[in-house]
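In what follows, every heavy atom counts, from backbone to side chain, and hydrogens, waters and symmetry copies are set aside. In what follows, chains are A, B, ... by sequence order, proteins preceding strands, each numbered from 1.
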Amino acid sequence: MPELPEVETVTRGLARVLTGRRIRRVELRRDGLRFPFPEGFAARLEGSLITGLSRRAKYILVNLDSSLCLLIHLGMTGRFTVLGDTALGHGEFYYKSETAKTGSGAHDHVVFTLDDGARVIYTDPRRFGIMDLLLESEMTTHKLLKDIGVEPLGNALSSSYLAKKFHRKSAPLKAALLDQQIIAGLGNIYVSEALHRTGLSPKRKAGSLVRRKAVDPRLDELVRNVRNILNEAILAGGSTLQDFAGSDGVEGTYQQRFAVYDREGEPCQKSGCGGTIRRIVQSGRSSFYCPTCQK
DNA sequence: AGTCGAGCCTGCTGGC
DNA sequence: TGCCAGCAGGCTCGAC
């Protein structure tokens, strides 16, 4: 279930296992995921030292001493399992998706073996995930990275930035916020949540929040809420990671805190609102909102 | 140019 | 109980 907070959580978890380790072996159990693996994928990774991990939008970037970088996208159902003795201790660490793990291993597509003996397994039933290799110098020119917008947790996201991007935009707010070329890493859930907290309808045209002179104060509030919600979710996911212990995957706790997502028919939680959460479909995807308090 | 729908895959859920 | 439509947290491409 990877949106930005989930990818951030996985990246942090993997960083503790992978950083400083050398990749001993890469086993590919099929030709590719969403795209074919690049030429010589396994061979180019084997023997490399992992110098660090970072995240850009919903992409995980694994930096190697060979000035190569392994780019990973979890798609909809990608997850990692770490088996063996690692820096995290002995046991198993999951990033577990909503869908139960199959257990059969039928969807284990890539297995990395590290120099400390740990095995890092990439599982992805739907195979919407991506793995690619790029040079560090291609970080801003790579096909998948070059058009990506600002990170929502960084300083570059501001109400004036949004005002510029939304100016004369006729697409609904929902679609504009999902647009990775505007904001990097926002997904279907957190867009619904941020719009609800801000009291803005997902159907409203993005351009309607831009006036000629002053920046609409609702854009300030939207930016604040996007940040707060993402940070709250990262905290909830992070606490899950710290709880890793046994062989059971532990899910992030933020799901319990959704105000609108997947709550169709339930009463709006905003005090004094009294509305009922609705589900509509926008550009093929579910939007959840309260028609009473989101205008 | 901007916007929208279809498609990529598999698995789970809910309604009949 | 069994079947089948509908749905899923992402992204790209093509058509309008």
In terms of the angle between their ring planes, are [X] and [Y] parallel, tilted or perpendicular, with boundaries placed at 30° and 60°?
X	Y	value
A:F37	A:F41	parallel
A:F112	A:F80	tilted
A:H73	A:Y59	perpendicular

Are OP1 or OP2 of [N] and a side-chain N or O of [X] less than 4.0 angstrom apart?
X	N	answer
A:H107	B:dG11	yes
A:H73	C:dC11	yes
A:R34	C:dG10	no
A:S286	C:dC7	no
A:Q180	C:dG10	no
A:R279	C:dC7	yes
A:K174	B:dT3	no
A:K169	B:dG2	no
A:S170	B:dT3	yes

Aromatic stack A:F128/B:dC8: centroid gap under 5.5 Å, interplanar angle under 30°
yes
Without decimals, in angstroms, what is the distance between [X] [atom1] and [N] [atom2]?
X	N	atom1	atom2	result
A:E6	C:dA8	CD	C1'	14 Å
A:L74	C:dG10	CG	P	11 Å
A:R56	C:dC11	CZ	C1'	16 Å
A:L186	C:dC11	CG	P	11 Å
A:R79	B:dG11	CZ	P	11 Å
A:M76	B:dC12	CE	C1'	13 Å
A:I182	B:dA1	CD1	C1'	13 Å
A:D179	B:dG2	CG	C1'	10 Å

Rounded distance in Å between the P positions of C:dC7 and B:dG5:
14 Å
Rounded P spacing from B:dA6 to C:dG6 in Å:
13 Å
Closer than 4.0 angstrom, basic N to acidic O: yes or no for A:E151 and A:R55?
yes
Name the nucleic acid region contacted by [X], choosing base, sugar-phosphate or nothing; use a 4.0 angstrom heavy-atom cut-off, strictly under.
X	answer
A:K143	sugar-phosphate
A:Y190	nothing
A:L144	sugar-phosphate

Pick one: which of A:E193, A:E3, A:K174 meets side chain to side chain donor-acceptor pair (under 3.5 Å) with A:N188?
A:K174
Counting only Watson-Crick pairs (N1-N3 plus N6-O4 or O6-N4) and G-U wobbles (N1-O2, O6-N3), all under 3.5 Å, who is the partner of B:dC9?
none
Between the side-chain atoms of A:R127 and the base atoms of B:dC9, is any donor-acceptor pair under 3.5 Å?
no
Given DNA chain C, 5'-ward residue of the pair A:R285 and A:V281, judged by closest heavy atom:
A:V281
Backbone N or O of A:D124 within a donor-acceptor pair of the A:H109 side chain at under 3.5 Å?
yes
